[in-house]
Student: 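One structure follows; several queries about it will come next.
Note that these values count all heavy atoms, side chains included, but never hydrogens, waters or copies made by symmetry.
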Amino acid sequence: MVLAKIAEMQGPYRAIGERLHTLIKANSPVLSPKLWYGMPAYARDGKVVCFFRGAKNERYMTFAFTEEANLDQGNLWPTSFALKELTATEEANITDLVKKAVR
């Protein structure tokens, strides 16, 4: 279902979505892909940890974490990111965040 949803994405969002799926699955095998409110999402024990969306009418994709992610750091931490392109730098940052999120 997640791969079918990603396949529906337009243009570069499809390629980014496919790469995000690969990165998440490769670096956090405890996460299971599922659709969440119609968006590709990844859950641990049935609870969504992260998700992304990218409709053709949106200026950028959004990659985000839910309260299930273990990213708490003090009184302020990021929970979502605008993503216009997925270079090696963004891939490394996303990989690190996803690994932290499931610790």
Student: Taking transitive links into account, so neighbours of neighbours count too, which hydrophobic residues share a cluster with Leu76 at under 4.5 Å side-chain distance?
Tutor: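 None, because no other hydrophobic side chain comes under 4.5 Å of this residue.
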
Student: At what distance, to the nearest 0.5 angstrom, does CG of Leu20 lie from CD of Glu91?
Tutor: 8.5 Å

Student: Please list, one pair per line, the donor and acceptor atoms closer than 3.5 Å that link side chains of residues 32-47 to other protein atoms, with sequence neighbours excluded.
Tutor:
unit_1: Tyr42; atom_1: OH; unit_2: His21; atom_2: ND1; d: 2.8
unit_1: Arg44; atom_1: NH1; unit_2: Val102; atom_2: O; d: 2.8

Student: For side chain to side chain contact (heavy atoms under 4.5 Å, CB included), just list the numbers for Thr22 and Arg19, CA-CA rounded to whole Å, side-chain angles, deciding distance to a tenth of an Å, and then say yes or no.
Tutor: CA-CA 5 Å; Thr22 300; Arg19 187 67 189 135; 3.5 Å; yes

Student: Who passes side chain to side chain contact (heavy atoms under 4.5 Å, CB included) against Thr95, sequence neighbours left out?
Tutor: Leu23, Asn27, Lys99

Student: Spell out, as yes or no, whether a donor-acceptor pair under 3.5 Å connects the side chain of Thr66 to the backbone of Glu68.
Tutor: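 Pair found, side chain donor or acceptor close to backbone of Glu68.
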
Student: About how many Å separate CZ of Arg53 and OG1 of Thr62, when rounded to the nearest 0.5 Å?
Tutor: 4.5 Å

Student: Say whether, by atom type as modelled, one donor and one acceptor occur between the side chain of Lys25 and the main chain of Leu31 under 3.5 angstrom.
Tutor: yes

Student: Could you tell me if the side chain of Cys50 sits less than 4.5 Å from the side chain of Ile24, heavy atoms only?
Tutor: yes

Student: If you group Ile, Leu, Val, Met, Phe, Trp and Tyr by side-chain heavy-atom gaps below 4.5 Å, do Phe52 and Tyr13 land in one group?
Tutor: yes

Student: Between Met1 and Met9, is there a shared hydrophobic cluster once you connect ILVMFWY residues whose side-chain heavy atoms come closer than 4.5 Å?
Tutor: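 Looking at the clustering, Met9 is in the same group as Met1.
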
Student: Using the test ring pair (Phe, Tyr, Trp, His ring centres under 6.0 Å), find all partners of Phe65 that sit at least two apart in sequence or belong to another chain.
Tutor: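 Listed in chain order: Phe63.
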
Student: For Thr79, check side chain to side chain contact (heavy atoms under 4.5 Å, CB included) against everything at least two apart and list the hits.
Tutor: Trp77

Student: From Leu71 CG over to Glu67 CD, what is the distance, rounded to the nearest 0.5 angstrom?
Tutor: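 The distance works out to 12.0 Å.
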
Student: Please list, chain by chain and in numerical order, all residues satisfying side chain to side chain contact (heavy atoms under 4.5 Å, CB included) with Glu18, sequence neighbours excluded.
Tutor: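 Side chain to side chain contact (heavy atoms under 4.5 Å, CB included) check on Glu18 returns Ile6, Arg14.
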
Student: Should Leu83 and Phe51 be regarded as members of a common hydrophobic cluster, given that ILVMFWY residues are connected when their side-chain heavy atoms come within less than 4.5 Å of each other, either directly or indirectly?
Tutor: no

Student: In the structure I gave you, are the side-chain heavy atoms of Lys100 and Asn70 within less than 4.5 Å of one another anywhere?
Tutor: no

Student: Mind listing the closest non-hydrogen atom pair of Ile16 and Lys84 along with its distance?
Tutor: CD1-O, 3.9 Å

